[in-house]
Each structure stands twice: as structure tokens, then as C-alpha cells.
Amino acid sequence: MAAEPVPRREVVTRGPAPGATVAPVAYRPVTAPPGRLPPAARGEVRRLIRAQLRAGLAVGGTLAVLVAALPLLLRQGHGDGPVPPLVVWAVLGVAVYPLFLALAGWYVRRAERNERAYRRAAGGS
């Protein structure tokens, strides 16, 4: 049986490279497990989780409704008859990506705002 390898030690001989920025941590991590948090902190965590869930469900529901409505709208066609299947595939495969990006951007901004509100309520910066 071979002995386990000894982890290699790293020695830092100088600071960050010139021009490199090191972002400071702007929040205090919660060190206690959720069951041991004080009741006020548990309420804040619960509010944060609910706010994130609402934002996620809003994005998911909006996306589901809009993407599900596209084939129905395209199937009805226009005055000359039904829309060719290649056009339907192009719309569903390419044209929805700007919608995905817009909803993702909205969700990220909403999640960050929820977390900032949580930090303020929890007594962070």
C-alpha cells in the first residue's frame, strides 16, 4: 500500500499584479446553520427565498406563456395560408433567444436587488 501523497504547499512571494484589482467581500456570510439562526434572521432568510422563488416563477411563467404562444400564432398563418415549417423552426430556434437574454437579465437584476435588500435587513453593508 502506498502512502497518501503530501499536499504541495504554495508560497506567495508578492501581491497581486500591477493594475489587478481584488474585490473585497461586500457581505457577511451566515455562519450558523439555518436551524440555529435567531428567529429574526430566519424570517429574513425565508423572505429572501420567497422573493427569489417569486422572481424565478415570474420568469419561468412569462417564458412558458410567450414561447408556447408562438407556435399557436404561427400555426394560424397569414392571409396566404399556413406558415411554412422552416419559418416556424427559425422563429422558435433563433428568434426566441433575445427574449431569453432579456428575461435572464431581468432575473439577475431582480435577484441582486433581493440580496441587497436582505443584506440591508440583516445588518450588512
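For the numbers below, each heavy atom of this structure counts, side chains included, while hydrogens, waters and symmetry mates do not.
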Chemist: Salt bridge or not for Glu112 and Arg109, using N-O below 4.0 Å?
Modeler: no
Chemist: Which side-chain hydrogen bond (donor to acceptor under 3.5 Å, both in side chains) pairs, counting each pair once, include a residue from residues 86-106, with sequence neighbours left out?
Modeler: none
Chemist: Assigning hydrophobic clusters by single linkage (Ile, Leu, Val, Met, Phe, Trp, Tyr; side-chain heavy-atom cutoff under 4.5 Å), is Val108 placed with Leu48?
Modeler: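 Val108 and Leu48: separate clusters.
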Chemist: Given side chains that start at C-beta, do those of Tyr118 and Arg47 come closer than 4.5 Å, heavy atoms only?
Modeler: no
Chemist: Are Leu70 and Phe100 connected in the hydrophobic side-chain network, where two residues link if heavy atoms are under 4.5 Å apart?
Modeler: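 Leu70 clusters together with Phe100.
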Chemist: Which side-chain hydrogen bond (donor to acceptor under 3.5 Å, both in side chains) pairs, counting each pair once, include a residue from residues 50-70, with sequence neighbours left out?
Modeler: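 Found Gln52-Asn114, Gln52-Glu115.
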